[in-house]
Every structure is written in structure tokens, then in C-alpha cells.
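To start, the structure under review is shown below, and the notes come after it.
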Amino acid sequence: MKSVLRGLLAGAALPALMVGSALAQDYGNFEGYTLRVKLIGGAQYEPLYATISEWEGATGATVQILSRKNHFELDREIKQDIAAGTLNWCVGSNHTSFAPQYGNIYADLNDLIAPETLAGFTPLLLDHSTVDGRLVQLPRHSDVSNLFYIKSLYEDSENKTAFAAEYGYDLAPPETWDQVRDHAMFFANPPDFFGTQFVGKDEAITGRFFERLVSNGGAMFDDDWNPTFNSAEGVAALQWFVDLYNAGAVPVGVPNYLWDDTGLGFASGTVALNLDWGGWSAFFNDAENSSVAGNVGVLRAPKGDAGVRTGWSGSHSFSITTTCDNPEAAASFVTFLTDHDRQMIEARMGILPTRTAVWDDALAEFAAAGDDFMVEVFSTFRTSMAEDAFTPPLIAEWIEVSNALWPRLQAAMVGDMTAQEALDAAAREAREIMEDAGYL
Amino acid sequence: MLFVVAVPLIFSFYTSMTSYRLTRPETIQDFIWFRNYIRLFENPDFWRAFLRTIVFLAIALNVELLLGLGIALLINKITWGQRTLRTIMMFPMMFSPILVGFQFKFIFNDNIGILNNALQSLGLTTQAIPWLVDAKLAMFSIIFAEVWMSTSVFAILLLAGLFAMPRDPIEAARVDGCNSWQVFRHITLPFLMPFVFIAMTIRSLDVARAYDIVAIMTGGGPAGRTELLWTMIARVGYDNARMGQANAMAYLSTILSIAFTYYFYTKLVAARRYMGGAE
């Protein structure tokens, strides 16, 4: 009997030992401690959370997930926690666009995470994660958008001949946004097929407008925080969206589109060109889900009038509250969630890593597997993250300014206002916001 | 009552006269008198949303009433399978408004939505109909989703009224030669009116549940075309974290709720008086 018991105990201990040995570093011992966390939820984020039990096994701690919501709902919940003084949890999902709103509720991770660990992250992303000189978040994965397109459209000789006759230059994957406009209008055959599409509401369209503004040489604000997005560069940026909408080159419903709509729309095979983030890559090339699988090309985002590529970027991240009762355990947990092996799990789905080494290892893994498409995707997005990425102004008022801007962008698209009128109206509201906040 | 109703009301009224921001709790002491209200009176977007909410309430509640009444009358006639039908009728109520919002957002999607694809496949249109973009169609679409979810509330309450109805007056009317329409118009409907106004009162207070539907289907857009008070208040209060201003909006919108409730309550009293009931 004793030998049977010993055998059972040995068998029970084996997985724990295997887990312990599988982790690349020592995450400490927090036996009996319960770490309370609030995480972003959603299908693409869940595979990472399936590994939390490994950290629990290695450290003896338990993770209690208090919330698992989308970012907008989580943002509301965190604001309620701030207002109610109930920040009785330790780790929260965060985002570079949201982080500046939260004041000082999150700890400076420079004090909690070893410099050699931080050295593994892309320096630019740590800069983007810094607010008022404090590293308030550890980047989990990054977003930047590049241009996916249906390759066969560009290989078709009839398309090449017809395009050259109509537009006076050769049809080839676009290098500028003006070319994207021409190509989109050329390919469009509504309501069956569209040249391109874009997200059309919330911060999503603000971000798209913002990156086109920057690519044209404009800026959201001047050095004194006066709104300047109603400049000639801004009007040209907005007019690009308006022209495509009026020409029927994009689906008529785009003012109501968000990320799922554009991703599913491109996968349905009814859209020629689609600016989107890397997380869709594997889905676009999966024959079970996508009509364009095997026929997808990817390009660095095109250039605007100023010769600058669009590169609106941000990072999903983890933060630790200043009220956390065990910041060492929290630091261990966020380090675990962003370590090499965890980032490889997400990279295999096409999600962009934040650790330099993961870019190399993911590319090597795709190449070894003969997955040329994912090699192309990762090579393109790596260049884009290194050379083109830029964030919106990292100020607390960004979301509020965005909420003043996007309804006006829509108004121009659907013809309620001209581009100049829409941007002037939004700039007046943005000025009021900046005045209230004490910038002006 | 004091703690459940009065304290929150007084507290939120106080905060509506501050520059209170959720992310800066100390601003709750920044008293600015009526500045939030003055800004609202000068804000045409707010008043457009106010009027749009009245139109939304008026159309949605009346359509739900008519459809609910029709369903209740039909189910009341059935003698076999009535319990099963009553259960099936309640299915839409069991969906969360968020799920209903997603469901109808994809039904009404112009490119990959079921509705446009069906209409194009049947040859009824060659265009992609902008269900969630055109001002009238977008309002129609969110009202349609709201009606789909909530009509059964009216149907159940009115069915309860029909079950409680005495048979004698109807039989007497038929003996006197009244046809079906006359029986309905002069006996059934007056008897049901108190139930109608109770249902209207309950639904007018409960209809803000449609917030999730609107938020997911259109987010109040495009260009504010489907903006209702609830989406505007949520955006200002939570996304912009300006809870003081949002509370000022909420207080003005309370006028709307009181007006609707008062109207339906006076109608309820009048209907009960007509039926000889207690006031």
C-alpha cells in the first residue's frame, strides 16, 4: 500500500516538477498568496492565460481573475475603481493609449523589474510605455497596421492593361496612399466587390485619420498644445476617406465598422486592399476561415504626401497598481506573462511580440516550417515596428479629444459637413478640452 | 428609502455641479455651480440627442404595444400548445442586450450581413443598403432590434390581462349581436387599458436597457445620427471620465423619464376610473 501511495505521490509531483523545469527562470516563491488581477478578455488573448497555471505551479501562488473584459469595458471598470477607491487588486491589462488617463495608480516598473529583464524588450516600446518619466506598463504585444492585398488582382494581365490605360501608370502593389485610392477605385465593383475599407468609428477612425495626418506632414497639436489637425494636411487626410466613400470604393457601411468588420470583410474575399494589424495574418491565410487564403500579400503601410509611412501604433500591456499588497509577486507574474515562451505562443498567431529575441525566433520557426506567408508577414511588420511606428500624443486627454473628433470625421464621410468644416468643429471642441485640462 | 433613493439622487445632483472626473477623485470638491448645465443648454448635440430619444421611445413603445397586443390576442385564441408558445415567445427576453446588439449588427452589416445578401440574392436590390449608416435606416434598425427583444414583455403583461378578463360581458355582447371588432373595441380593449399603461410605465423606465443595443450596433453614429441620451451620457461619464457633466445630462434626462411616467400614470388612473376601478 505504501508503495502504491509513494507511486501516486510521485506521479502527482511529476507534472509540477516538469512545469518547474519547463520555466526558463526562477519566478520566486509566493506560497499561499492570492494575486488579484483584471485582464483583457477575448479569443485572441486567451491562449496566454491558459499558461497561468504554470506560474501558479512554479511559485505556489494563486491567481484570482476578477475581470476578463474587452479594453473599453475594463477601462470603465478601472475608472470606477479609481473613483470608489477600490484599487484592491494588483495587476491590470493596460494599453499605451489608455495609460496616461490613469494618473499615478500604476507603479513605476523600473523599481520592480530587473534591468536585465527590461533589456530584452524593444527600447522604442518601453519609451511608448513610459508616462511622465515612469514606466507604468510592461508591453505584452504591439499593434501596427500594414497593407494586406489580394495578390491575384495584381497578377491579372487584363487588370494591368486596363489600369495603365485609365490611370497612366503600371499596376503594382501600392507604395503611396494616392496609389491606394486609384487602385481601390479601379478594383471596386459595388456591392459585390470593394477596393478597400477602413474602420469608421470610435478611436479606431481617429487613429486612422491621425496616421494619415502624420503621413501628410501634419500633427494633432502644435508645441503649445493648440489643436492643429484642421490644417491643410488634415483636410487632405480626411478628404482621402471622403473621396473613397463617395466613389463607392469602400463598403457603404464603413462609418459603422470596427476591427472585426474589416478583418472578416477581407477574409470574405470581397475587398482588394486592407490596412490591418498583424493579429489577423494567420486568419487571413487559413483556408477554413478565409476565402483569400493562399492569395494574400502584405506590404509596409504606404506613404502619405510628406513621404512618411502611416504607422499608428500602440501596445497592449500589463501594469501593477501602487496599492498592490505584494508587488514582488505582481512583478513576477507580469514578467512571466511577457517572457520569451509566452510571447512565442502569441507570435505563432501573428501577434507582434515586444521582445527583440522573439522576433528572431518566431521568424526562424516560420522559416523552418516552410510558412513563407508568415515569414513575409513578420519581416514586414518587424520593419514597420522599427521604422514607421508612432503613438498618438501620450496625454490623459487623448481619448476625450478622440471622442470629439471621430463623430466629425464621420460627418464629413456621410456628407453632413465638408472636410474643413468637420475638422474646424472638432478643433474647437478639442481646444475646449485642452483649456479645461490646463494646457491652454 | 432615504439611503436607497434620496442619498444617491442628492449626491449625483451635487456632483452635477462639480467638475468631477472619475480618474481624479479630488475634483469632486471643485464646485462650479451651474456651469455643466449652462454648457448643456448651449450644446446643440445634446438637444438633438434629447429629441431623438423622445422619438425613439415613442416609436419603440408604440410598436411594441401594437405587436404585443396582437401576439397576446392570437395566443389567447389558441387552445392547443399555448404553454409552449408562451415559452417560445419569451426567448428574445432571455438574450442579453449585448448579444442582441451583436446579432443585429451582423444581420444589418451592409457587406457580409445576412439581410443585404438575402435581398441581393433574391434580386430585390442590386445595391448594398446602408442599414446602419443612413439616418432613417439606422434608427429603424436599432428600433427593430429593440422591438424584437422587448415586444414579448408587452405580450406577456397583456396576456395576463386577457386571462383575468371575465367572460360574461363578452358573451352578453355576442348575444346582443356585436361582431368581433365591436367586442374588441368596446369590451376587450377598455378592460386591457390599465394593463397597457402599466406595461407602458414599466417599459418606459426599463427601455434604457436598449443602451447596449445602440452602443454595439452604431455607437450613436454615424455622425451622431443615432445618438441617444444614454450613449452620450455613457461616453461623457466613462470614456471621457467627466462624471460631473454626465450627471448634469442625466438630471436633465430625468425630466424625460418623469414626463413619460407621469403621462402613463394619469392615463392608467383614467382607464381604471373608466372601468369603475379604484383611483
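Chain letters run A, B, ... following the sequence lines, proteins first, then strands; residues in each count from 1. Both backbone and side-chain heavy atoms feed into the values below; hydrogens, waters and symmetry mates do not.
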Please classify the contact between [X] and chain A as side chain, backbone, both or neither, with a heavy-atom cut-off of under 4.5 Å.
{"X": "B:F108", "value": "neither"}
{"X": "B:Q120", "value": "side chain"}
{"X": "B:D134", "value": "neither"}
{"X": "B:A234", "value": "both"}
{"X": "B:I216", "value": "backbone"}
{"X": "B:I112", "value": "side chain"}
{"X": "B:S19", "value": "neither"}
{"X": "B:P25", "value": "side chain"}
{"X": "B:M217", "value": "backbone"}

Exercise for review: Of all the heavy-atom pairs spanning A:W406 and B:G219, show the shortest one and how long it is.
Suggested key: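 Nearest heavy atoms, A:W406 then B:G219: CH2-O, 3.8 Å.
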
Given the options [options], which has more heavy-atom pairs under 4.5 Å with chain B than any of the others?
{"options": "A:V271, A:L264, A:D436, A:L258", "value": "A:D436"}
{"options": "A:M413, A:Q197, A:K201, A:E397", "value": "A:K201"}
{"options": "A:P255, A:G103, A:G200", "value": "A:P255"}
{"options": "A:A84, A:P190, A:P251", "value": "A:P251"}

Under a 4.5 Å heavy-atom cut-off, does chain B meet the side chain of [X], its backbone, both or neither?
{"X": "A:F72", "result": "neither"}
{"X": "A:I105", "result": "neither"}
{"X": "A:F98", "result": "neither"}

Using a 6.0 Å cut-off, check whether atom [atom1] of [X] has over 12 heavy atoms from anything other than its own residue.
{"X": "B:F102", "atom1": "CZ", "answer": "no"}
{"X": "B:E26", "atom1": "CD", "answer": "yes"}
{"X": "B:M90", "atom1": "CE", "answer": "no"}
{"X": "B:F144", "atom1": "CZ", "answer": "no"}

Point to revise | Flag, side chain of A:N256 to backbone of B:V133, donor-acceptor distance under 3.5 Å | key: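 No; judged by distance alone, with no hydrogens or angles, the pair does not exist.
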
Review point. So, A:K79 side chain and B:Y238 main chain: donor-acceptor pair closer than 3.5 Å or not?
Key: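 Such a contact is found between A:K79 side chain and B:Y238 backbone.
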
Decide, yes or no, whether a salt bridge links [X] with [Y] under the criterion of side-chain N to carboxylate O below 4.0 Å.
{"X": "B:D239", "Y": "A:R76", "result": "yes"}
{"X": "A:R408", "Y": "B:D45", "result": "yes"}
{"X": "A:E400", "Y": "B:R235", "result": "no"}

**Study point:** Audit row: A:Q101, B:N240, side-chain contact (heavy atoms from CB on, under 4.5 Å) steps and yes/no
**Key:** CA-CA 9 Å; A:Q101 304 174 92; B:N240 295 353; over 6 Å; no

Review point. Do the side-chain N and O atoms of B:N111 and A:T270 include a donor-acceptor pair separated by under 3.5 angstrom?
Key: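 There is such a pair (donor and acceptor under 3.5 Å, judged by atom type) between the side chains of B:N111 and A:T270.
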
Check your understanding: Which value, rounded to the nearest 0.5 Å, describes the distance between B:T23 atom OG1 and A:I399 atom CD1?
Key ->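 Reported value, rounded in 0.5 Å steps: 11.5 Å.
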
Practice item. Please round to the nearest 0.5 Å and tell me the distance separating atom CG of A:D261 and atom CG of B:L132. Key: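 The distance works out to 9.0 Å.
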
Point to revise | Worked check of side-chain contact (heavy atoms from CB on, under 4.5 Å) between B:M243 and A:Q80 | key: CA-CA 10 Å; B:M243 194 49 79; A:Q80 285 175 321; over 6 Å; no

Exercise for review: Check whether any side-chain heavy atom of A:Y257 sits under 4.5 Å from a side-chain heavy atom of B:D110, and report yes or no.
Suggested key: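 Result yes, sub-4.5 Å side-chain heavy-atom pair found.
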
Review point. Of the listed residues (B:E227, B:R225, B:R24, B:R21), which shares the most heavy-atom pairs with chain A below a 4.5 Å separation?
Key: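 Looking at each of B:E227, B:R225, B:R24, B:R21 in turn, B:R225 comes out on top.
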
